[in-house]
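Below: one structure, written as structure tokens.
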Amino acid sequence: MAKAPVEAPAPLAGAFDVGGFRSELLRWFNENARDLPWRKTLEPYHVWLSEIMLQQTQMDRAVSYFERFLLRYPDIVSLAQAHEDEVLKLWEGLGYYTRAKNLLRAARVVLKEHGGTFPANFEAVRALPGVGPYTAGAVMSVAYGAHRPAVDANVERVFSRVLDIDRPVSAPEVKRRILAAAWELLPPGESRAFNQGLMELGALICAPRSAECQRCPVSRHCLARARGTVNLRPVPKPKPEVVRVDMACGILLTEGQVFIQKRRPNDVWPGLWEFPGGVLEPGESPEEAMVREFREETELSVRPEGKIAVVRTSYTRYRITLHGFFCRAEPGQDPKRDHRLHEAVEARLVSPTDLLTFAFPSGHARLTSRMLEDVRLQTLLSAVD
DNA sequence: TATCCGTGGCG
DNA sequence: TCGCCAAGGAT
């Protein structure tokens, strides 16, 4: 006997007022949509760029990057012709740099395979590097009005409350249920406003810590609101333990120039530039670690010439204290010719002011500005090795 | 499927 | 100072 087909659980209860939810959300969004730069047009390139920049990034931070980016690359063809270093420089400080690399790759795909016109069907958009299910749905619905849901963390939070889901939204089954609810609620012909409305609601009203239910246009549909569990939703996912790390790096000065190296493509901070350095070993001083790391990464022997600054930075679960030093090559070496790279794909000697044209991870960028302000810099630069 | 990728703001 | 993030995708 054949197995009985597994019935997909109806995401919404039978009594759920789908029509009311749709019209109340659409009305609210129509009256409360923020005036954002990427909402000025429905140009697919603008919508796509904004969605990539907004991945894991707060809206306020993305706005200035978006405007600068469009000034430099007004259309996809100009972006496709760009150099990766320049794209990364425009992305500097925004984080998740693979996004920028994939953006450039995708622009080149659009140029070669779609004649420079952004594709207008879901599968082609989804196939672009850096475009996942959320971004494909968002671009298709916002740029073209396609009947596709766009479920991001905002929408997951909204539904975790509307449906009063008592498990972390990271669970695949919960994600499936929320996606199904998003499909069921999606109003034919109005996906553009509806998807943006859900996200806007999550950003402005149904916020992570401070849900303002008294201002919420759909609170009468919200199960968590009825049960008094709003502040318990979404159920948080257990977080990995924070790891504290001390690092040290050396800014090597030679003949008025500074040594930098470019990080490998598949590592942390892919394609960004940095000063050689690394993690302190147990019992090691920052100076000792800097000298050791410099030798391991470049085969150059250096000696410290004074501390520049200590900057704090972090990524994912790491909290980093970065010690920055001036340093100088030991006699008998020419940094330009004698380096052998082990942790980088390229090295350069550049003048201190030219450092500002290279993209650095945040910690190294702040160290750079501290160095440029340092009164000892000119003396050290002009000194003979 | 769990983990990895950044960052600056906020209470 | 510190914990907790905030509009995902790739592997």
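A, B, ... follow the sequence lines: proteins, then strands. Residue 1 opens every chain.
Within residues 129-141 of chain A, the residues approaching DNA chain C are Pro129(A), Gly130(A), Val131(A), Gly132(A), Pro133(A), Tyr134(A), Thr135(A), by heavy-atom distance under 4.0 Å. For the segment residues 29-50 of chain A, residues with any heavy atom less than 4.0 angstrom from an atom of DNA chain C are, sorted by number, Arg34(A), Leu36(A).
Judged as a side chain to side chain donor-acceptor pair (under 3.5 Å), and not counting sequence neighbours, the contacts of Arg34(A) are Glu200(A). Every residue two or more places apart in sequence or in another chain was checked for a side chain to side chain donor-acceptor pair (under 3.5 Å) with Arg337(A), and none qualifies. In this view, Arg263(A) and Asp267(A), Glu274(A) satisfy the salt bridge (charged side-chain N to carboxylate O under 4.0 Å, His left out) rule, not counting sequence neighbours.
Of the possible donor and acceptor atoms, one in the side chain of Arg161(A) sits under 3.5 Å from a partner among the backbone N and O of Cys206(A). With hydrogens and angles disregarded, no donor-acceptor distance shorter than 3.5 Å links the side chain of Arg303(A) to the backbone of Cys327(A). Under a 3.5 Å cut-off, the side chain of Asn30(A) and the backbone N or O of Leu26(A) do not form any donor-acceptor pair.
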Protein-nucleotides 8-11 of chain B N/O pairs closer than 3.5 Å?
unit_1	atom_1	unit_2	atom_2	d
dG8(B)	OP1	Ser362(A)	OG	3.4
dG8(B)	OP2	Ser362(A)	OG	2.8

Checklist entry - Going through the checks in order, is the salt bridge (charged side-chain N to carboxylate O under 4.0 Å, His left out) test met by Lys89(A) and Glu92(A)? => result CA-CA 5 Å; Lys89(A) 181 62 186 176; Glu92(A) 184 184 45; 2.8 Å; yes
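Nucleotides dT11(C) and dG6(B) are separated by 14 Å at their P atoms, to the nearest Å.
Asn102(A) has its CG atom 15 Å from the P atom of dC5(B), to the nearest Å.
When the nearest nucleotides of DNA chain C are assigned to Arg244(A) and Arg157(A) by heavy-atom distance, the more 5′-ward of the two goes with Arg244(A).
With respect to Glu343(A), the salt bridge (Lys or Arg N to Asp or Glu O under 4.0 Å) criterion is satisfied by exactly one of Lys262(A), Arg295(A), Arg264(A): Arg264(A).
The shortest side-chain heavy-atom distance between Val311(A) and His364(A) does not fall under the 4.5 Å cut-off.
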